[in-house]
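Given the structure is predicted, the values throughout are model-derived calculations rather than measurements. So you know, we letter chains A, B, ... as the sequences are listed, proteins then strands, and number each from 1.
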Amino acid sequence: MRFRRLLGAILRSVHTDTPSSSPGVQKLAQKILNSSKSAGRKSTRKSQTSGKPVADSGIVKCNISITNYMRNGQCESALSLFNSMPSKTSVSWNSMISGYLSNGRFELAHKMFDQMPHRDLVSWNIMITGCIRNKNLGAAKILFDQMPERDVVSWNALLSGYAQNGYVDEAKRTFDEMPVKNEISWNGILAAYVQNGRIEEARRLFDSKGSWAVVSWNCLMGGYLKKRMLLEARQIFDRMPMRDEVSWNTMISCYAQNGQMEEAKKLFDESPVRDVFTWTAIVSGYVQNGMLDEARRVFDEMPEKNAVSWNAMIAGYVQCNKMDLARDLFEAMSCPNISSWNTMITGYAQNGDIVEARSLFDRMPCRDCISWAAIISGYAQSGHSEEALHMFVEMKRAGEMLNRSAFTCVLSTCAEIAALELGKQIHGRLVKAGLEMGYYVGNALLAMYCKCGCIEEAYDVFGGISDKDTVSWNTMINGYARHGFGKEALKLFQNMERAGMRPDDVTMVGVLSACSHTGLTDTGTTYFYSMDRDYGIIANAKHYTCMIDLLGRAGRLDDAQNLMRNMPFEPDAASWGALLGASRIHGNAELGEKAAKMIFTLEPWNAGMYVLLSNLYASSRRWREVGEMRLKMRDTGVRKVPGYSWVEVQNKIHTFSVGDTTHPQSHQLYAFLEELDLRMKQEGYVPATKFVLHDVEEEEKAHMLKYHSEKLAVAFAILNVPAGRPIRVIKNLRVCEDCHTAFKYISKIVGRLIILRDSNRFHHFNDGVCTCGDYW
DNA sequence: ATAGGGTTAG
């Protein structure tokens, strides 16, 4: 999921290549200056006719060279030419500043701007644009307010800055305040709506005015493309008084991206011009529709290719996990850009080859935030959370800035490994960068807080999202449900309806699981049977699983089985899993065994099932079967996923496995656990030894339970997290039942809130009770 | 063909 988003981010980001500067610049500067001496007079005469002071033509030629060097990314050459100039105009300075900015050298540009003897209007405008490109809208606004005079360019720059950063209302205010408006201003406000997904408002604005520039027609059409509104886009295309290449390309992309390759091809043949954009649109259209062979055929036919075309083809192979073909193309590219490298890194990471991903990461000539996001996600995804964290720190040290996509990606990594402190830091940097708004980032932030066990903070973020979409509501509703706050989830669902948002199938999974996790059997049943009637949502396997869980929890095992028999599709492993859970809790070993065996048939690789079934046998002392299970696991090569738990303290993740003695504080931990054990027993705790698999003496079993990974993690957190703060522990598997009982006692004894995330849900232990109601 | 603001493909 996250890799898909990352791949999208790669494909959206724009990069400029930076060849190294060439030598012999001094010589060239001298040559230019010498040759221009004779031609100098002419330009002076011209200046008298125009009435404007025009510089010596030698200076002009140097300025042109500076611009050209900068366009080629040769900042050093530009600078030495600039330094060798005996006299300079403001154009010389402005060319340097602008060049630095387009090469991403913000600090150098700013230094030049400060040193410049006479800043003119253009200098200010360049800096404003530079700040905006550097994602520093705040600095742009300060410059705008400071500058001695403003022209329409200044206003347009600010307008587009607001638009690009999601501040549509500020953009509108700026537009209304502008003393003079031109075509670009009008396009700016139109783009503000389009870029921020407000296509209806864009259309209203468009219809309110008679004539628009071709650019604006294209912009509106592009808006419809993003919303996949093909008919509207085509209507605009047909109504356009004039078309340029962009118009054709936008319309062709529109069809290509929506799977209508025949229409795209037709328009491609009709188009008066076919440039790299046109060809690439067709190639990526085939790629996006999974037609790799077609894509490759067109790709090989292309008269000219640029990096984008190559990358589209490579991304196609990566998406289909054909890393060998992707590698062949990547190596055939004359100069791969950052996107090419990023695509390959993402590909290896999603294929589980983190070593190759890292090797490419280390070898790439320069990195951007997507590269970092890719490698961090790769590590997190493959379970190397420590390494993921380490790379976060490295990234900060390298001074890398995150963009919206990278923020989203990194936040979901934080969510996955529950790196809360880090997540909070990222949140802070989001606010600082002025990027905390907007669907994707806002929703990722919300999900991060939910998954890190901070449901209140999640709700704060939820409240701050101005344009809540279905995903925002679903994330919050599901978050409440997973935390065991069923009433809050259902209340939010009612608010959602009141806000006029239409629930979808994901919403209903949240609603049903809220009912299930809170034991609201009747409410859940009512929702389940009214879903289709009220919202046209047909129950899928997940909804049925929620219902089996809901009925099973209430002890209605027969009803649960009946529902399963009447499902319009074959029960999957998850449905049987829900039944197994219910059987286990209500002590129906026979049904549990049947369910577990069904799961074996469906998912022979599912190690968790072997363990669950072993537990089931162990709890009824059927040691022979326990032994058989162990043999079966060995024969099928299935390995039990080792259980481990972790805690984040001061930005560091501390991981524990069962009986762990590797932690530096382990002596202290074991002593503390002994002490807790004693106090728990005084309060009435009895170790649930039936959950120990092995056929050993009771006393030995109790000993084994005492040092489960989650117990070690909780003990560590109590000793290291300042009093008054909640304790947040994460376990990769389901929490052990004995630990669950123990944590209820511990929460009361030490007077702390313990929030435990296991592979299924959240448990909040407080003053002797858990929000799961002891059913999970 | 010297510097600043708007639209398209990954």
Side-chain angles (χ1 to χ4, degrees), chain A residues 7-15 43 54-55 57-68 70-71 89-99 101-102 120-130 132-133 150-161 163-164 178 182-192 194-195 212-223 225-226 244-254 256-257 264 275-285 287-288 305-316 318-319 337 339-340 342-343:
Chain A
L7 212 53
I10 292 169
L11 301 178
R12 276 190 303 276
S13 62
V14 177
H15 302 284
S43 63
V54 167
S57 81
I59 299 182
V60 172
K61 286 192 174 172
C62 282
N63 292 345
I64 294 171
S65 293
I66 289 176
T67 306
N68 286 333
M70 284 302 199
R71 275 189 196 137
T89 61
S90 63
V91 176
S92 324
W93 286 89
N94 290 342
S95 302
M96 282 302 296
I97 297 172
S98 167
L101 287 171
S102 50
D120 63 8
L121 191 49
V122 176
S123 326
W124 286 91
N125 288 342
I126 292 171
M127 274 314 291
I128 290 177
T129 312
I132 289 167
R133 266 203 300 239
R150 302 171 193 100
D151 65 359
V152 67
V153 176
S154 332
W155 284 93
N156 286 343
L158 187 69
L159 172 59
S160 109
Q164 283 163 33
M178 289 178 73
N182 62 12
E183 230 174 32
I184 295 179
S185 325
W186 280 95
N187 191 71
I189 187 65
L190 182 74
V194 165
Q195 284 162 3
W212 286 86
V214 186
V215 170
S216 301
W217 285 86
N218 293 340
C219 179
L220 184 63
M221 193 164 51
L225 181 153
K226 280 194 198 96
D244 60 2
E245 286 179 37
V246 176
S247 319
W248 286 92
N249 290 341
T250 305
M251 199 60 233
I252 292 170
S253 311
C254 207
Q257 282 175 25
D275 61 7
V276 191
F277 274 78
T278 334
W279 282 94
T280 308
I282 296 290
V283 170
S284 61
V287 163
Q288 278 170 35
K305 304 177 180 75
N306 64 15
V308 178
S309 333
W310 283 90
N311 292 345
M313 200 61 233
I314 293 176
V318 162
Q319 267 166 19
N337 64 14
S339 286
S340 327
N342 289 348
T343 307

Distance, rounded to the nearest Å, where A:W186 contributes CH2 and B:dT7 contributes C1': 18 Å
Sugar-phosphate only, base, or nothing, as touched by A:V152 at under 4.0 Å among non-hydrogen atoms: base
Nucleotide of B:dT8, B:dT2, B:dG5 approaching A:K226 most closely (side-chain heavy atoms): B:dT8
Rounded distance (Å) that lies between atom P of B:dG4 and atom CZ of A:R133: 9 Å
Sugar-phosphate only, base, or nothing, as touched by A:Q257 at under 4.0 Å among non-hydrogen atoms: sugar-phosphate
Side chain proximity check, A:L220 to A:W212, heavy atoms < 4.5 angstrom: no
Under 4.0 angstrom between A:Q288 side-chain N/O and B:dG10 OP1 or OP2: yes
Test side chain to side chain donor-acceptor pair (under 3.5 Å) applied to A:N337 and A:N342, A:N311, A:N306, the passing residue: A:N311
Listed nucleotide nearest any side-chain atom of A:N156, set B:dT8, B:dG5, B:dG10: B:dG5
Whole angstrom value for the distance that separates C1' of B:dG10 from NZ of A:K305: 15 Å
Euclidean distance, atom CG of residue A:N125 to atom C1' of B:dG6 [Å, nearest integer]: 15 Å
Atom-pair distance (CD1 on A:I59; P on B:dA1), nearest Å: 18 Å
Candidate nucleotides B:dT8, B:dG6, B:dT7, ranked by approach to the side chain of A:F277 - the nearest: B:dT8
All side chain to side chain donor-acceptor pair (under 3.5 Å) counterparts of A:T67, not counting sequence neighbours: none
Length of the line joining A:I184:CD1 and B:dG6:C1', which is rounded to integer Å: 5 Å
Closest nucleotide among B:dA9, B:dT2, B:dG5 to the A:V153 side chain: B:dG5
Touch class at under 4.0 angstrom, heavy-atom based, for A:A256 against every strand present: nothing
Side-chain touch A:Q164/A:S160, heavy atoms, less than 4.5 angstrom: yes
A:Q195 side chain near B:dT7 phosphate (N/O to OP1/OP2, under 4.0 Å): yes
Out of B:dG6, B:dG4, B:dT2, whichever nucleotide has its closest atom nearest the side chain of A:S160: B:dG6
Touch class at under 4.0 angstrom, heavy-atom based, for A:N182 against every strand present: base
Contact under 4.0 Å: A:R71 side-chain N or O vs B:dA3 OP1/OP2: yes
Selected nucleotide, minimal atom distance to A:A312 side chain, candidates B:dG4, B:dG10, B:dT2: B:dG10
Shortest side-chain distance from A:V122, nucleotide among B:dG6, B:dA3, B:dA9: B:dA3
Sugar-phosphate only, base, or nothing, as touched by A:N68 at under 4.0 Å among non-hydrogen atoms: nothing
Per A:L121 side chain, nearest of listed nucleotides B:dT7, B:dT8, B:dG4: B:dG4
Donor-acceptor pair, side chain of A:N156 and main chain of A:L159, under 3.5 angstrom: no
Whole-Å gap separating C1' (B:dG4) and CH2 (A:W124): 14 Å
Distance-only polar pair, side chains of A:N94 and A:D120, donor-acceptor under 3.5 Å: yes
Side-chain donor/acceptor contact of A:N218 with base of B:dG6 under 3.5 Å: no
Whole-Å distance separating the CH2 atom of A:W217 from the P atom of B:dT7: 18 Å
Minimum-distance nucleotide (side-chain atoms of A:I64 versus B:dG4, B:dT2, B:dT8): B:dT2
Presence of donor-acceptor pair under 3.5 Å, side chain of A:N306 and base of B:dA9: yes
